[in-house]
Amino acid sequence: MSLIQLESVTKVYQTEEHAITAVKDLSLEIREASFVSFVGPSGSGKSTLLNLLGCLDQPTTGTVSISGTVVNRLNRIERAKFRGENIGFVFQNFNLLPVLTVFENVEYPLFMVQDVPKEERSKRVLALLDKVGMLDQKNKFPNQLSGGQKQRVAVARALVTSPKIVLADEPTANLDSASAFQVIKVLHKMRDEFGTTFIFATHDPRIVQEAEVIYTLEDGALKERQVTEKGQG
Ligand code: ADP
Ligand code: MG
């Protein structure tokens, strides 16, 4: 069954001078537990699309359904709640809070969206830090970590609420090869273990070659959908 359905999704940004169609009449379905990547040149609409999938933005026309809920029909508050319960985010710049420790950064979403008792919070945070190989760094602050370590903390933070979907916009763009490789390995492990769907926007061939389905965007429109060898199984 498909987890995500886009039907004729169009997003137009209206600026003072002109209208920009960032996503153009896009229809596609994404299955549960998939590892998919959106590729395409800068400005092709990848981030706009991820924002639509992440309920951070609304399509101008068309519908975005996730787990049978038409998310663009939800109001602002319902959308925020849906996002908190179903979607995790990983960003290019990690977006860790500098005044919180590694442990506290990962714990943070549990305060924001879910009412989880302290002991359970701690258990979940430590288990995830262990999985991303950052347990021994739990009391450090972000500025004491390398880029790859920061991104692995961000991955743990994205997964702590057990979301169905993790959206990652250029997650390896600021990482050296070895760190990027480690992060990708961790993401794969999470998918296999939790059945989380990972959706990337990236140029990084190291991610693209791991993807099961590759969507190529051009000027906001879907140019190609390619099921790779990894997606045949
Ligand atoms: P990508 O992530 O592939 O680089 P984006 O989704 O960021 O592409 O951008 C797609 C198009 O939409 C670009 O032409 C960009 O300039 C435009 N765009 C993105 N966000 C906005 C915005 N908030 N206001 C106006 N135009 C935007
Ligand atoms: Mg982008």
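Numbering of residues begins at 1 and proceeds along the displayed sequence. The shown structure was predicted, so the numbers you read here are calculated from the model rather than taken from an experiment. Counting starts at 1 for both ligands and their atoms, following the listed order.
- Between G220, A201, G45, it is G45 that holds the heavy atom closest to atom 8 (O) of ligand 1.
- The distance from ligand 1 to the heavy atoms of A22 drops below 4.0 Å at these ligand atoms: 10 (C), 11 (C), 12 (O).
- Distances from atom 10 (C) of ligand 1 to the protein include at least one heavy-atom value under 4.0 Å.
- Listed by number with element, the atoms of ligand 1 under 4.0 Å from a non-hydrogen atom of S42 are 4 (O).
- I20 CG2, 3.8 Å is the protein heavy atom nearest to atom 14 (O) of ligand 1.
- Ranking the protein heavy atoms by distance from atom 1 (P) of ligand 1 puts G43 N, 3.4 Å first.
- Shortest contact from atom 19 (C) of ligand 1 to any protein heavy atom: Y13 CE1, 3.4 Å.
- Atom OH of Y13 sits in a crowded spot, with more than 12 heavy atoms from other residues, nucleotides or ligands closer than 6.0 Å.
- When all heavy atoms are compared, the tightest approach of V9 to P59 is CG1-CB, 4.0 Å.
- For atom 7 (O) of ligand 1, the closest non-hydrogen atom of the protein is S47 CB, 3.8 Å.
- Protein heavy atoms all stay at least 4.0 Å away from atom 16 (O) of ligand 1.
- Residue contact check for ligand 1: G40 places no non-hydrogen atom closer than 4.0 Å to it.
- For ligand 1, the atoms sitting less than 4.0 Å from at least one non-hydrogen atom of P41 are 3 (O), numbered in the order shown with element in parentheses.
- The shortest contact between atom 6 (O) of ligand 1 and any protein heavy atom is with T48 OG1, 2.6 Å.
- Here T48 does not reach the Mg ion (ligand 2): none of its N/O/S atoms is less than 2.8 Å from the metal.
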Give the C-alpha distance, both sets of side-chain angles, the deciding distance and a yes or no for side chain to side chain contact (heavy atoms under 4.5 Å, CB included) between R79 and Q58. CA-CA 10 Å; R79 250 196 340 268; Q58 296 269 73; 2.9 Å; yes
